[in-house]
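Below: one structure, written as structure tokens.
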Amino acid sequence: MSRFWSPVVHRLSPYVPGEQPKRDDLVKLNTNENPYGPSPRVRAAIAAAMDRLWLYPDPHATGLRQAIADRYGVAFDEVFVGNGSDEVLAHTFQALLNHDAPLLFPDITYGFYPVYCALYGIRYEEVPLDAAMKIEIADYRRRCSAILLPNPNAPTGIALPRAAIEALLAEHPDQLVVVDEAYVDFGAESAVPLVARHDNLLIVQTLSKSRGLAGLRVGFAIGQRPLIEALERVKDSFNSFPLDCLALAGATAAIEDDAWFRETRDRIIANRDALAHGLRELGFEVLPSLANFVFARHPRRRAAELLAALRERGVLVRHFKKPRIEDFLRITVGTEEQCNRVIELMRGLN
Ligand SMILES: *Cc1c(COP(=O)(O)O)cnc(C)c1O
């Protein structure tokens with residue numbers, strides 16, 4: 001604390017990301033990274049971009065936005081890119097979610113949302129998940145300015161079908177609905193096809209998970225032009241160059257290599273289903289995940305205890321000390337070998 005702090009700084013309780021250990025002999029299943037990494041084309045594209053480091057990058061990120069537009073079947077100016085989807089979300093909170101009526105999001109969800117609300121002074125209300133830990137769209141029929149949902153939700157991994165998102169959009173024609181699709185590529189239905197018909201839909205995605213590029217920091221949003229324009233106005237009032245030339249080159253190559261994307265995604269889906277099955281055989285309750293992690297609860301052992309035991313044996317997973325989910329562990333889907341290691345260790349601890 002210092003007398004020089006702006007008042008808002010006193011009120012912040014910053015987001016704490018999962019541990020990034022210095023040792024590399026740990027099996028790292030705590031931050032939903034993709035063990036297969038990015039397309040090999042990313043390395044070549046970044047190497048080529050090294051020759052242009054003395055130039056400012058393209059402030060409009062033209063090549064990357066066009067690649068995303070082509071891949072997702074939307075117009076170039078319906079795409080916004082940022083330094084990780086966290087930055088895209090931050091600009092969304094500031095540009096589109098700060099109104100008199102509260103913003104709604106689930107009570108159990110991505111921990112960054114209340115952090116942005118505190119940063120920008122945004123009123124919000126948390127809507128409880130139902131007894132099965134699912135988002136129930138009927139529960140969002142209340143006074144609000146906007147609704148924000150991850151789909152699949154984090155850290156439960158449970159997804160809503162596209163039809164439910166469409167129903168939500170239809171029920172709230174005068175409220176913005178933001179869908180955070182950080183994990184959508186692992187089996188859920190994206191709402192991107194709804195963008196053309198709904199001016200109140202903004203979708204946020206990331207290259208950190210399904211494209212194996214958490215270290216490069218690239219995320220994007222897709223929505224109708226006026227929504228994208230709001231994000232551009234905030235971005236251009238903050239930083240003209242949130243993506244450096246290496247990130248632009250690497251991200252474009254990643255988006256263009258759809259074969260690598262599909263192959264690695266399919267492997268993760270197979271590993272996830274095997275991990276969930278193995279844990280269920282040991283008696284765990286495993287929520288039905290369509291993400292690259294599983295959320296699992298042992299019938300008798302405390303999650304904090306299992307977390308510590310796994311850590312001692314070199315495996316990092318994530319635990320949230322929060323009501324209703326404090327007995328769960330969130331385990332990132334790693335390689336087949338890493339998932340087998342988790343199952344073997346859990347068998348030993350059972
Ligand atoms: C990982 C994650 C993000 C942020 O990803 P970036 O690495 O900042 O692109 C956003 N939302 C959810 C729900 C996430 O799990």
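It should be emphasised that the depicted structure is a prediction, and the values quoted were computed from it without experimental measurement.
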Under 3.5 Å donor-acceptor pairs involving side-chain atoms of residues 147-165, not counting sequence neighbours:
{"from": "Asn151", "atom 1": "OD1", "to": "Leu160", "atom 2": "N", "distance (Å)": "2.7"}
{"from": "Asn151", "atom 1": "ND2", "to": "Leu160", "atom 2": "O", "distance (Å)": "3.0"}
{"from": "Asn153", "atom 1": "OD1", "to": "Thr109", "atom 2": "OG1", "distance (Å)": "3.0"}
{"from": "Asn153", "atom 1": "ND2", "to": "Ile108", "atom 2": "O", "distance (Å)": "2.9"}
{"from": "Thr156", "atom 1": "OG1", "to": "Ile158", "atom 2": "N", "distance (Å)": "3.2"}
{"from": "Arg162", "atom 1": "NE", "to": "Ser190", "atom 2": "O", "distance (Å)": "2.7"}
{"from": "Arg162", "atom 1": "NH2", "to": "Ser190", "atom 2": "O", "distance (Å)": "3.2"}

* Whichever hydrophobic residues join Trp54 through chains of side-chain contacts under 4.5 Å -> Leu55
Donor-acceptor pairs are to be reported for all side-chain atoms of residues 38-51 against protein atoms at under 3.5 Å, with residues two or more places apart or in another chain.
{"from": "Ser39", "atom 1": "OG", "to": "Arg41", "atom 2": "N", "distance (Å)": "3.0"}
{"from": "Ser39", "atom 1": "OG", "to": "Asp257", "atom 2": "OD2", "distance (Å)": "2.7"}

* To do: Output, in order, the C-alpha distance, side-chain angles, deciding distance and verdict of ring-ring contact (aromatic ring centres under 6.0 Å, His included) for Tyr120 and Phe93.
  => CA-CA 8 Å; Tyr120 296 119; Phe93 275 78; 7.3 Å; no
* To do: State plainly whether the residues Arg311 and Glu19 are in salt-bridge range, i.e. N to O under 4.0 Å.
  => yes
* To do: Indicate yes or no: does Glu232 engage Arg65 in a salt bridge with an N to O separation below 4.0 Å.
  => yes
* Run the salt-bridge test on Asp327 and Arg302 with the 4.0 Å N-O cut-off and return the result as yes or no. => yes
* To do: With sequence neighbours excluded, give me every salt bridge (Lys or Arg N to Asp or Glu O under 4.0 Å) pair touching residues 260-282.
  => Asp258-Arg262
* To do: Kindly state each residue pair satisfying ring pair (Phe, Tyr, Trp, His ring centres under 6.0 Å) with at least one member in residues 217-247, sequence neighbours excluded.
  => Tyr56-Phe241, Tyr72-Phe220, His91-Phe238
* What is the ring orientation for Tyr113 with Tyr110, classed by angle as parallel under 30°, tilted 30 to 60°, or perpendicular over 60°? -> perpendicular
* Which atoms form the tightest heavy-atom contact between Ala61 and Val81, and what is the distance? -> CB-CG2, 3.5 Å
* Which side-chain hydrogen bond (donor to acceptor under 3.5 Å, both in side chains) pairs, counting each pair once, include a residue from residues 7-16, with sequence neighbours left out? -> none
* Salt bridge check: are Glu78 and Arg225 linked by an N-O gap of less than 4.0 Å? -> no
* **Hydrophobic cluster membership, Phe293 vs Ile135, 4.5 Å side-chain cutoff** => no
* Hey, is Arg297 close enough to Glu285 for a salt bridge, meaning N to O under 4.0 Å? -> yes
